[in-house]
Amino acid sequence: QVRLVESGGGSVQAGGSLRLSCAASGYTRSGDCMGWFRQAPGKERERVATLYTGDSRTDYTDSVKGRFTISHDRARNTLYLQMNSLKPEDTAMYYCAAVGPWSNSRCVSGRVMATDFGYWGQGTQVTVSS
């Protein structure tokens, strides 16, 4: 049974930082693809960043490049998203997702969609005020 549990969301002012965590249990394979998605009210769920657990290659959506960093602690089987220079438009529910096994080229191609991922966490709310 795969389980993903997010934590670390909260409310911050613009320019602030948050670090999201996603603890994975029952899920220890290398060569899987993990990612962070977000969904704002009335909008579709969008990809934020993906990471290939085999070699830690990463990919980001353009709007977060240079501000967000996705990383994976293999020993703790935990995925992170460090978010700096937060903007009000980053306000959303953030979800951790996983699927595998995948190729690294596919995982970091920038073309993955939410429907590609089979495992999801419950989400953690991030609110950025101006």
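Side chains are part of it too, since the values below use all heavy atoms of this structure and drop only hydrogens, waters and symmetry mates. Owing to the predicted nature of the structure, the values given are computational and were not obtained by experimental measurement. Nothing fancy with the numbering, it's 1 onward along the sequence.
- Residues passing the ring-ring contact (aromatic ring centres under 6.0 Å, His included) test with Y94, sequence neighbours excluded: none.
- The shortest distance between side-chain heavy atoms of E6 and Q122 falls below 4.5 Å.
- Within the structure, the ring pair (Phe, Tyr, Trp, His ring centres under 6.0 Å) test picks out no pair touching residues 49-87 (sequence neighbours left out).
- Applying the side chain to side chain contact (heavy atoms under 4.5 Å, CB included) test to E89 and every residue at least two apart in sequence or in another chain returns K87.
- Here the side chains of T91 and R38 are not in contact, with every heavy-atom distance at 4.5 Å or above.
- Annotation: side-chain hydrogen bond (donor to acceptor under 3.5 Å, both in side chains) contacts of D116 (sequence neighbours excluded): none.
- Taken together through direct or relayed side-chain contacts under 4.5 Å among Ile, Leu, Val, Met, Phe, Trp and Tyr, M34 and I70 form part of one hydrophobic cluster.
- One N or O on the side chain of T53 and one on the backbone of D32 form a donor-acceptor pair closer than 3.5 Å.
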For this session: Mind running side-chain contact (heavy atoms from CB on, under 4.5 Å) on M83 and W36 for me, showing each step along the way?
Result: CA-CA 12 Å; M83 305 185 294; W36 289 97; over 6 Å; no
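- Under the 4.5 Å side-chain heavy-atom criterion for Ile, Leu, Val, Met, Phe, Trp and Tyr, L79 and L4 are members of the same hydrophobic cluster.
- With sequence neighbours excluded, the residues that form a ring-ring contact (aromatic ring centres under 6.0 Å, His included) with F117 are F37, W102.
- In this structure, R106 has no side-chain hydrogen bond (donor to acceptor under 3.5 Å, both in side chains) partners at least two apart in sequence or on a different chain.
- A donor-acceptor pair is defined here as one N or O able to donate and one able to accept, closer than 3.5 Å; such a pair exists between the side chain of T50 and the backbone of C107.
- Linking ILVMFWY side-chain heavy atoms closer than 4.5 Å, directly or via other members, places L86 and V48 in a single hydrophobic cluster.
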